[in-house]
Visitor: 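Shown below is the structure under consideration.
In listed order, ligands and their atoms are each counted from 1.
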Amino acid sequence: MAQVDYRTDGSTAVIAFGNPPVNGLSHSVRSEIAAALERAAADTSVRAIVLTGKGGMFSGGADIKEFGTPAALRGPNLRQLIELLDMSEKPVIAAISGTCLGGGLEVSLAAHYRIASADAKLGLPEVKLGLLPGAGGTQRLTRLVGVATAINMIVSGEAVPAKMLAKTALLDRVVEGDPVAAAVELAAAKDFAAKPLRRVRDIPLVEPNLEALCEFARNGVKAQFPNLPAPVRCIDAIEAAAKPFEEGLAIERRSFVELMLTPESQSLRHAFFAERAASKVDDVPESTPVRKIEKAAVIGAGTMGGGISICFLNAGIPVWLVEANKEGLDKGIARIAGIFDGQVKKGKLAQAERDRRMALLTPTLDYATIAPADIVIEAVFESMEVKQQVFTTLDRVMKPGAILATNTSTLDVNQIAAFTKRPLDVVGTHFFSPANVMRLLEIVRAKKTAPDVLATTLKLGKTLRKVAVVSGVCDGFIGNRMLEPYTKQASYLLEEGATPQQVDGALEAFGFAMGVFRVGDLAGNDIGWSIRKRRRAERPDYKFSTLPDKLCELGRFGQKASAGWYDYPEGPRKPKPSKVVDELIARHRQEIGVTPRKITNAEIVDRLVYALVNEGAKILEEKIAARASDIDVVYLTGYGFPPSRGGPMFYADLVGLYEVRRRMLQFGRNPHGEPGFWKPAPLIERLAGTGGTFNTDKGAAS
Ligand code: NAD
């Protein structure tokens with residue numbers, strides 16, 4: 001089917017291209033546009049050309065299906081198409097509405113005029129994939145909007161509304177209505193075609209403070225993104241726009257090619273595709289029917305129940321909120337209202353919208369009223385007895401076909417499902433705190449969960465604007481299960497000689513949003529304490545440093561107690577190294593008979609990250625996760641793993657599993673810690689031996 005329409009309007013050829021969902025510039029689209037340009041060039045009755053996108057948008061850029069495939073480079077490639085437009089002897093007007101991003105904006109920059117609708121958004125988001133615009137974007141945009149705006153747009157990667165760009169030479173006109181009609185009108189104006197062609201490449205860049213501006217910006221991005229090479233290269237390329245066009249273009253090109261090969265860009269691109277792959281489940285094809293979710297219920301109006309309710313309300317889905325007593329219910333509702341009110345105060349939410357969302361919330365103490373809900377999510381105390389009581393009730397009251405979901409973080413979802421006579425309808429929906437903010441949603445597939453329940457929950461994840469990853473049933477699911485060996489190693493590092501601030505500093509320099517001890521203080525050290533107590537009771541051979549328990553015995557639960565691994569004399573955001581903790585650690589070392597040694601930051605990072613990797617490998621082997629990239633998504637979206645490292649599994653792949661295994665064996669020779677901890681998972685043994693990687697291994701994924 002033709003993706004490009006060609007028509008004439010008087011002496012103007014109108015070329016409209018379409019490739020849903022975002023008019024991606026696939027090889028076939030590029031070829032058809034090129035053919036249409038040739039046709040217009042050959043038609044002597046055509047004096048001007050209007051280029052536009054179909055379906056209310058210009059283009060979202062490259063076709064992601066072609067990313068990294070030969071089709072992306074097949075002629076006419078993007079740069080060749082841009083050259084055709086630029087060199088057209090008849091004037092080309094780009095008529096832009098909706099999205100105009102990346103390669104899409106670069107195409108429009110090669111036109112001789114641009115008319116945008118007021119609702120259009122224009123941007124060059126390549127930096128988000130660790131790249132820069134590689135088809136002339138840095139050279140042409142800078143000539144049109146000036147150095148400062150070009151830096152803002154290209155380094156942030158954010159799209160800018162056409163209205164904000166109306167005064168720049170980027171847009172010749174911003175119109176309220178249809179930009180195509182305005183473009184045709186412009187083309188039909190007297191003398192239009194007779195005017196000399198305005199090629200962006202010929203516009204000289206005049207910026208007396210070029211060097212100073214660029215140096216200032218470079219210093220800023222180096223401080224802000226110390227682990228990312230792309231922002232600096234963007235500024236270098238922008239600065240090169242002062243050179244002759246072809247010279248600047250060559251500098252941009254070289255940077256693009258070099259950035260493509262950096263581990264940072266490889267990691268960011270991996271993260272981008274990993275998120276898209278996560279919603280796919282092999283034995284639940286996209287054609288699986290889904291149940292309708294129009295009404296929801298949440299049980300428990302505590303921290304999680306409140307946040308989960310907000311997710312539904314934000315999506316326009318009415319929610320019944322159930323509590324055990326009136327006091328808890330009132331408190332829960334007040335907390336939800338408080339969160340919305342905070343957003344209104346900050347100007348992030350209109351009062352009317354806040355009222356509309358609150359009106360969708362129905363508090364109740366009576367389970368019978370929630371019977372018509374299409375899904376119910378339980379978020380009560382983490383106790384099997386309480387869960388049993390709730391699920392037995394839900395089984396009794398809920399309509400047939402309702403999905404019964406649990407937000408448990410550690411309990412066995414198979415056991416919870418068995419409390420009901422409808423285990424096919426039971427699934428885990430593990431939200432992360434704060435549930436209305438965190439993007440990750442682990443969907444826990446129990447033994448009997450029906451495929452349509454899984455498909456519906458995955459779809460619901462999208463509706464609630466979450467990144468959903470499917471996990472099998474195991475203690476801690478994917479994320480928290482991996483966290484245990486990670487926190488275990490962190491405690492051993494303190495016993496052996498590190499300080500909390502050294503460990504956190506090393507992790508944060510690696511790129512983690514927050515070090516492990518700061519996270520502990522934020523989440524509450526008592527959570528891990530109660531899990532360890534349970535584990536010690538269940539498994540007599542369970543080994544974990546007793547240091548964090550001693551911290552909790554002092555009541556140092558973290559930020560909520562103004563004391564944890566750090567002191568917080570100036571509030572929760574300002575952790576200060578604690579003398580009390582230093583003394584506690586020193587005493588603990590004496591008690592366990594350890595003489596502290598100097599530990600390097602490299603050892604800290606390797607031990608903590610490889611602890612994640614080894615557990616991740618076991619999770620893959622056990623098929624708790626379907627693919628290595630799902631594990632990466634969990635850590636990137638739920639645990640602050642640096643996107644520029646691609647997630648623990650991808651990072652290990654880049655380091656090389658041979659090296660990862662070698663380091664693990666080296667750590668295994670450390671007499672401190674736990675025998676057997678560093679035994680590489682069989683999957684690592686196999687892949688290290690064959691030079692394989694987690695992300696390409698078919699054995700683990702199948
Ligand atoms: P919470 O203590 O803040 O809230 C639990 C609420 O459930 C309380 O308001 C309580 O009154 C109510 N409740 C107890 N029994 C009930 C019953 N029979 N009927 C109705 N309401 C009842 O706990 P939370 O932190 O919101 O955790 C809830 C669940 O979410 C737990 O399973 C927990 O493991 C899980 N979870 C918590 C987090 C977190 O970071 N807090 C993260 C992910 C998952």
Side-chain angles (χ1 to χ4, degrees), residues 297-311 319-336 338-339 362-370 373 376-398 404-413 415-416 419 426-444 464 466 468-469 471 473 475-481 483 487 514 519-531 533-534 557-560 634 637-640:
V298 174
I299 317 289
T303 312
M304 296 307 290
I308 295 167
S309 300
I310 291 175
C311 295
V319 180
W320 282 286
L321 185 57
V322 183
E323 250 296 336
N325 56 55
K326 170 99 175 54
E327 196 196 340
L329 194 56
D330 290 347
K331 239 167 83 185
I333 301 292
R335 197 167 31 223
I336 293 172
I339 290 174
T362 311
T364 177
L365 296 173
D366 180 9
Y367 276 82
T369 50
I370 69 167
V376 50
I377 298 185
E378 164 278 310
V380 300
F381 299 137
E382 187 74 336
S383 132
M384 201 48 114
E385 288 77 55
V386 186
K387 307 278 186 201
Q388 174 166 18
Q389 194 190 330
V390 169
F391 272 81
T392 315
T393 312
L394 292 177
D395 192 25
R396 185 161 42 77
V397 302
M398 298 308 293
L404 314 184
T406 172
N407 188 51
T408 180
S409 4
T410 52
L411 301 175
D412 181 347
V413 183
Q415 199 181 335
I416 293 175
F419 296 142
V426 177
V427 67
T429 47
H430 185 215
F431 289 78
F432 287 71
S433 184
N436 52 312
V437 176
M438 294 294 288
R439 290 172 70 223
L440 177 62
L441 171 64
E442 277 182 328
I443 295 182
V444 185
L464 302 185
K466 300 291 171 197
V469 176
S471 169
V473 175
D475 197 341
F477 314 127
I478 298 172
N480 286 343
R481 172 168 160 185
L483 202 60
T487 49
M514 233 191 233
V519 170
D521 279 359
L522 177 69
N525 296 313
D526 48 325
I527 297 180
W529 193 26
S530 73
I531 294 175
K533 280 185 196 159
R534 202 185 75 204
F557 291 163
Q559 288 185 11
K560 59 186 168 192
V634 167
T637 56
Y639 293 83

Visitor: Please list the nearest protein heavy atom to atom 8 (C) of ligand 1 with its residue and the distance rounded to 0.1 Å.
Guide: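 Minimum-distance protein heavy atom for atom 8 (C) of ligand 1 reads Glu323 OE2, 3.3 Å.
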Visitor: What protein heavy atom lies closest to atom 36 (N) of ligand 1? Include the residue and the distance to one decimal.
Guide: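 Result: Ser409 OG, 3.4 Å.
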Visitor: Write out the residue and atom name of the closest protein heavy atom to atom 23 (O) of ligand 1, then the distance separating them to 0.1 Å.
Guide: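 The answer is Thr303 N, 4.7 Å.
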Visitor: Mind checking whether Val386 contacts ligand 1 via backbone (N, CA, C, O), side chain (CB onward), both or neither, at a 4.0 Å heavy-atom cut-off?
Guide: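 The answer is the side chain.
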Visitor: Under 4.0 angstrom from ligand 1, any heavy atom of Ser433?
Guide: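 Yes; Ser433 lies near enough to ligand 1 that a heavy-atom distance drops under 4.0 Å.
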Visitor: Among all the protein's non-hydrogen atoms, which is closest to atom 21 (N) of ligand 1, and how far away is it?
Guide: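 So the nearest neighbour among protein heavy atoms is Ala324 N, 3.4 Å.
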Visitor: Just verifying a value: how many Å separate Asp412 CG and Asp475 CG, rounded to the nearest 0.5 Å?
Guide: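 Interatomic distance, Asp412 CG to Asp475 CG, rounded to 0.5 Å: 9.0 Å.
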Visitor: Identify the closest protein heavy atom to atom 5 (C) of ligand 1: which residue and atom is it, and at what distance?
Guide: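 Closest protein heavy atom to atom 5 (C) of ligand 1: Ala379 O, 3.6 Å.
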Visitor: With a cutoff of 4.0 Å, is Phe381 in contact with ligand 1, counting heavy atoms of the residue only?
Guide: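 Checking ligand 1 against Phe381, which is what was asked, there is a heavy-atom contact under 4.0 Å.
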Visitor: Can you tell me the protein heavy atom closest to atom 27 (O) of ligand 1 and the distance?
Guide: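 So the nearest neighbour among protein heavy atoms is Met304 CG, 3.8 Å.
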Visitor: Between Thr393, Ile531, Val380, flag the one that comes closest to atom 16 (C) of ligand 1 by a heavy atom.
Guide: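 The option holding the nearest heavy atom is Val380.
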Visitor: Counting each atom of ligand 1 from 1 as listed, which ones have a heavy atom of Thr408 under 4.0 Å away?
Guide: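 Taking each heavy atom of Thr408 in turn, ligand 1 has 32 (O) under 4.0 Å.
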Visitor: Under 4.0 Å from a heavy atom of Lys387: which atoms of ligand 1 are those, numbered in the order shown and with their elements?
Guide: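 Those qualifying, in numeric order: 31 (C), 32 (O).
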Visitor: Any side-chain donor-acceptor pair under 3.5 Å between Glu442 and Ser471?
Guide: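 Result is no, nothing qualifies.
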Visitor: Check each atom of ligand 1 against the heavy atoms of Ile299 and keep those under 4.0 Å away; list them by number with element.
Guide: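 Answer for ligand 1: 19 (N), 20 (C).
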Visitor: Answer yes or no for His430: is there a heavy-atom contact with ligand 1 below 4.0 Å?
Guide: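 Checking ligand 1 against His430, which is what was asked, there is a heavy-atom contact under 4.0 Å.
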Visitor: Going by heavy-atom distance to atom 35 (C) of ligand 1, choose the closest among Val322, Val390, Asn407, Asn325.
Guide: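 The option holding the nearest heavy atom is Asn407.
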Visitor: Identify the closest protein heavy atom to atom 4 (O) of ligand 1: which residue and atom is it, and at what distance?
Guide: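 Of every protein heavy atom, Gly302 CA, 3.3 Å lies nearest to atom 4 (O) of ligand 1.
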Visitor: Please tell me if atom 18 (N) of ligand 1 is touched by the protein, where touching means a protein heavy-atom distance below 4.0 Å.
Guide: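 Yes, because at least one protein heavy atom sits under 4.0 Å from atom 18 (N) of ligand 1.
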